Amino acid sequence: MKVGIIGGSFDPIHYGHIQIAKTGLQKLHCDEIWFMPTKSTPLKDRILTSDVHRLAMIQRVMAYDPRFHVCTLEMEREGKSYTIDTVKTLKQRYPDHEFVWMIGNDQLTQFDQWREPETLTSLISFVCVDRDGQLAKTQYPIQCIHMEAMPVSSSEIRKGNKLNYVPYSVLQYIYEHRLYIENFIAERETQHRYKHSVSVAHLCEEMALANGLDGQKAYYIGLFHDIAKNMDKIHLEQWMDAICPENKKWAIPVWHGFVGSEIVDRIFYLDDPQIKNAIYHHVLGDDHRDPYAMIVFCADKTDPLRGYDSTHLIDLCKADIYQGFWAVKNENDKYLEEGK
Ligand SMILES: Nc1ncnc2c1ncn2[C@@H]1O[C@H](COP(=O)(O)OP(=O)(O)O)[C@@H](O)[C@H]1O
């Protein structure tokens, strides 16, 4: 049996990895593809997402093709993991299999940094699949083959970019387990606003749970509520023209609610209508029926990081969001009146 191996951190797995797997099946005529997640990568010093989460995300992709498998050999090994040890173990355990180790060309260019590269290529064959349309040259006996370009990397995904390259079931897992997502916000907001967003997210969650509602949904509303706040006026206006030109009658500081509600859906694939609705209304606080819209309005105004004592209002919202909402709204109106 011919087995194509794809080793990597898969933090998270994405369509680039899946494309390599398909190329292995189609062009190298592999019978199976084994995804080999590393425990910790010697060439990368970043702390990886836990083995359990990375493995669970890979498992979700296994359903794509019965020939896809996960091999946890490297994860099970203690300490740092080197490919040379893996290859030796594989050959020992599966003497009848023919293995092909598939790498992207970013790996090819740093192949001399792998431990014992000459021994490695003498033990099994290595194939490089083109990652960015430019097959790299190498001094090693490594065959290079072309594959359809998938311009994505896990690091971009961890920043919340190119989420369309993440299988939907994996993205669902990411949201269910809150992986990377505070980073999505940190990448797009100032440090000050990022802290506010995280604080509002936790407050929204607490208020929702206290009212018998979905804490996770409320957390996401709070986390993303200001996602469009840093956008410059030109881009903000382009979004407004595209999605709701009729709302341009409102002052510009109000627009980020309308635009944010589209961004969570179109860029972050949070397509829940209640999440969109709550973000849409959070600036004006003009949805008096949906509890999630009320929660984010109240949490935004009573965020402890704002520096005033909002404990009584938070307690009111936790006891009953419908009553709490009007108390927060009245206080807010009073505050705005005084500021005039
Ligand atoms: N978009 C892509 N196209 C082709 N190969 C890729 C792509 N992304 C990753 N690879 C290859 O997949 C393997 C595993 O990479 P990994 O470290 O998990 O992902 P990433 O490079 O995205 O962080 C490596 O050999 C890498 O070169």
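Order of listing sets the numbers, starting from 1, for every ligand and every atom in it. These numbers were taken from a predicted model, which means no experiment stands behind them.
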Quiz prompt | Residue G8 vicinity, atoms of ligand 1 by number, heavy atom under 4.0 Å | solution = 14 (C), 18 (O)
Self-check item: Pairing of D272 and K217 as salt bridge, 4.0 angstrom limit
Solution: yes
Quiz item: Is any NZ, NE, NH1 or NH2 atom of the basic residue among E206 and K318 found under 4.0 Å from an Asp or Glu carboxylate oxygen of the other?
Solution: yes
Quiz item: Which ligand 1 atoms are under 4.0 Å away from a heavy-atom of G16?
Solution: 1 (N), 2 (C)
Exercise. Drop me the distance from E331's CD to S310's OG, to the nearest 0.5 angstrom.
Key: 10.0 Å
Quiz prompt | Nitrogen or oxygen atoms of G104 and ligand 1 under 3.5 Å apart | solution = yes
Quiz prompt | Ion pair D226/R188, N-O distance below 4.0 Å | solution = no
Practice problem: Find all atoms of ligand 1 within a distance of less than 4.0 Å from any non-hydrogen atom belonging to Q107, and give their numbers and elements. | Solution: 24 (C), 25 (O), 27 (O)
Quiz item: Which one holds for I13 and ligand 1: side chain close, backbone close, both close, or neither close, with close meaning a heavy atom under 4.0 Å?
Solution: neither
Exercise. Return a yes/no value for R158: is any of its N or O atoms, backbone included, closer than 3.5 angstrom to an N or O of ligand 1?
Key: no
Quiz item: Quick check: does D106 get an N/O under 3.5 Å from an N/O on ligand 1?
Solution: yes
Quiz item: Is the Lys NZ or Arg CZ of R178 less than 6.0 Å from the centre of Y219's six-membered ring, within 45° of the axis?
Solution: yes
Quiz item: So is V152 polar-close to ligand 1, meaning N/O to N/O under 3.5 Å?
Solution: yes
Self-check item: Residue F10 vicinity, atoms of ligand 1 by number, heavy atom under 4.0 Å
Solution: 18 (O)
